Amino acid sequence: MIQVRKYTIGWDMVNKVGYLTIFDETGKEHVFSHLTLQEISFLKEMLNHRKVHIDPQQWLVAGWDGL
């Protein structure tokens, strides 16, 4: 699994959609766009964990202490 290093989150107040860019430890960026308020709130909560990873199947995984 690849660890998430940082992220940028944004909310389009006019169109009411969210945007999220995640940067992993290799420097690759993962872009998510047109997110609902519910989706962006959920992802923000996940990203608040101490360790967040992206697994080989492109799942965002939080709270994994097995590494």
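Since the structure is predicted, the reported quantities are computational estimates derived from the model, not experimental observations.
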Step through it carefully: locate the ring centre of Tyr19, locate the ring centre of His34, and say whether they are under 6.0 Å apart.
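They qualify: ring centres under 6.0 Å apart.
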Who are the ring-ring contact (aromatic ring centres under 6.0 Å, His included) partners of Phe23, not counting sequence neighbours?
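Listed in chain order: nothing, the list is empty.
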Rounded distance (nearest 0.5 Å) linking atom [atom1] of [X] with atom [atom2] of [Y]:
X	Y	atom1	atom2	answer
Ile54	His30	CD1	NE2	3.5 Å
Leu47	Tyr7	CG	OH	5.5 Å
Lys16	Thr36	NZ	OG1	14.0 Å
Leu60	His53	CG	NE2	10.5 Å
Ile9	Ser41	CD1	OG	8.0 Å

Steps toward side-chain contact (heavy atoms from CB on, under 4.5 Å) verdict (Phe42, Lys44)
CA-CA 5 Å; Phe42 173 74; Lys44 175 68 172 92; over 6 Å; no
Should Val52 and Ile40 be counted in the same cluster of Ile, Leu, Val, Met, Phe, Trp and Tyr side chains packed under 4.5 Å apart?
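The answer is yes; both residues are in one hydrophobic cluster.
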Going by the rule side-chain contact (heavy atoms from CB on, under 4.5 Å), which residues pair with Ile2 if we only count those two or more places apart in sequence or in a different chain?
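In terms of side-chain contact (heavy atoms from CB on, under 4.5 Å), with neighbours along the sequence ignored, Ile2 is linked to Asp24, Glu25, Thr26.
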Partner of Val31 by side chain to side chain contact (heavy atoms under 4.5 Å, CB included), out of Ile22, Thr8, Thr21, Leu20:
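The residue from Ile22, Thr8, Thr21, Leu20 that satisfies side chain to side chain contact (heavy atoms under 4.5 Å, CB included) with Val31 turns out to be Thr21.
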Tell me if a side-chain donor or acceptor on Asn15 pairs with a main-chain N or O of Val17 at a distance below 3.5 Å.
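No: the side chain of Asn15 does not pair with the backbone of Val17.
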Do you know the tightest heavy-atom contact between Trp11 and Leu35?
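Looking at all heavy atoms of both residues, the closest pair is CZ3-O, 3.8 Å.
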